[in-house]
Amino acid sequence: MVHLLSKIRAIPPYLAQRLKDRRAQRRKLSQLHIRPLRDLGHPLKVVSFKYELDSGDSYLDSVGIYRLDDVYLHINTGLCLIQTAPSDWPIGIRESGFFEYQELSLRQPRFAKANHISRSRCPEYQFDKPCFIFNINRHGNYFHFLIDSFPRLIALLNTIDEEIIVLHQLDTDGPIGEYFKLIESSYKCKFLNLPSSDSEHIKITTPTLFIEEIARRLVYSPDYLKHTWNHLYQDPQLLALGLPSDKDKWHYTTKYEQVYPKLFWLQSTKTYFKNGFALWHYSVTSMDSVFQWGTKISLRKDGALSDCQHIFIVRGNRSAVKRFLENEDELRDSLPELRYIDFAEFPVEDQISMARNCSTLIGLTGAGFANAIYMKPGSLVIDITPLGFLLPATNMVENVCKARGLRYHRLFSSPLDATLSSKIDVADLENFLKEEGVV
């Protein structure tokens with residue numbers, strides 16, 4: 001060690017300074033500075049969005065639409081970056097990519113080069129119209145596409161007047177592809193699958209549009225953590241499952257994403273449970289915009305599907321779905337007034353029309369409830385949740401219903417067994433439907 005130090009001391013001052021500058025430059029370029037859109041320029045347009053709280057109060061918040069030039073897109077995360085000079089550190093745009101990309105890009109090896117822009121290997125793309133980068137490398141889950149991403153796109157298209165190109169990486173063979181065609185028929189836009197590249201980044205020289213996040217989520221605030229734990233202790237599943245409501249007997253193992261804790265286990269039994277609770281404020285304005293769009297789409301189908309007043313969501317092929325109701329046949333015999341529908345068997349246009357004509361939507365918790373976004377205000381949604389599937393029971397569907405002005409009710413079915421099946425108490429469901437005047 002002493003010998004090494006003596007060698008370093010022997011380096012001429014000008015070389016030592018050069019080495020010091022190179023190290024500083026490498027450290028600078030290895031950083032990833034995350035900045036919101038508001039720090040990167042003035043908005044092209046500003047729109048007000050309305051939000052409602054659990055207390056019944058509402059508030060307005062502004063959402064800006066921005067236009068940036070020379071954007072670098074990290075394909076693995078969908079994170080968009082700008083770099084004002086080759087010697088400067090890259091700046092990641094907070095509202096792009098994975099919501100948790102700050103952690104992903106720094107903690108996971110496969111995302112470690114998100115901030116290493118190699119200009120010599122980075123291909124450049126220029127389009128004839130402005131671009132909007134949509135859902136790059138986000139999972140193609142139908143529920144989250146329709147509830148989280150789709151309203152942002154509609155908000156953007158309702159605000160701008162020019163024709164744009166929407167870049168994406170989603171599979172267009174299924175219902176998402178049908179949505180793209182319907183949107184193209186309604187707005188001045190064209191969807192384009194992002195070209196493949198051997199480089200981790202691509203540079204888009206065409207002006208690129210960005211919109212700020214619309215959904216408000218309280219992730220790491222002390223009030224949120226307190227609210228989450230209180231919600232857990234008050235969950236009726238604890239008593240039904242014979243679990244303690246004493247915090248000292250719970251042990252949480254992870255704390256990432258919007259859920260805290262994400263997984264926890266009961267020390268006495270070593271049993272794991274998934275925590276799906278998140279505090280969301282969906283924009284009433286954006287949800288209403290989607291509803292109005294769906295109303296226009298469904299006009300041509302209303303006559304053919306007007307009998308879909310009370311729908312029970314069928315989960316489809318049991319070998320392919322994650323969970324299903326074992327006593328569905330018993331439901332059909334006891335409640336013939338309901339129409340039993342597998343949304344996956346119908347085109348998206350029909351699904352929208354059925355949901356719009358529906359006044360009661362019932363089913364086992366899953367992606368089918370995303371169609372509740374098209375139901376008329378005052379309609380009833382009954383979410384059947386397997387006991388212990390999520391602790392506390394997720395409020396994702398409930399928050400969508402609140403933003404849309406729908407009535408929400410949850411019923412618990414039996415815990416999922418080894419075959420991922422669950423049973424609902426048919427008498428409980430029938431009695432509730434009678435109280436609501438459905439049957």
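Other residues, nucleotides and ligands contribute more than 12 heavy atoms inside 6.0 Å of the NZ atom of Lys203. Few gaps surround CZ on Arg332; more than 12 heavy atoms of other groups in view lie less than 6.0 Å from it.
Remark: Asp235 pairs with no residue by the salt bridge (Lys or Arg N to Asp or Glu O under 4.0 Å) rule, at least two apart or across chains.
Identified under the ring-ring contact (aromatic ring centres under 6.0 Å, His included) test for residues 412-439, with sequence neighbours left out: His409-Phe432.
Inspection of the Ser353 and Ser298 side chains reveals no N or O donor paired with an N or O acceptor under 3.5 Å. Looking at Asp61 and Tyr51, their side chains never bring a donor and an acceptor atom within 3.5 Å of each other.
For the pairing with Glu162, the salt bridge (charged side-chain N to carboxylate O under 4.0 Å, His left out) check across Lys129, Arg67, Lys45 returns one residue only, Arg67. With Phe180 as the partner, the ring-ring contact (aromatic ring centres under 6.0 Å, His included) test is satisfied by one option alone out of Tyr187, Phe191, Phe150: Phe191.
Relative to the ring axis of Phe312, Arg339 does not place its NZ or CZ within 45° and under 6.0 Å from the centre.
Side-chain atoms of Glu326 and Asp417, non-hydrogen and from C-beta on, do get closer than 4.5 Å to each other.
In this structure, the ring of Phe145 has its center less than 6.0 angstrom from the ring center of Tyr179. Ring centroids of Tyr66 and Phe210 are separated by 6.0 Å or more, keeping the two rings apart.
With respect to Arg404 and Glu52, no salt bridge is recorded, no charged nitrogen being found less than 4.0 Å from a carboxylate O.
Smallest separation of non-hydrogen atoms from Phe389 and Gln237: N-OE1, 4.2 Å.
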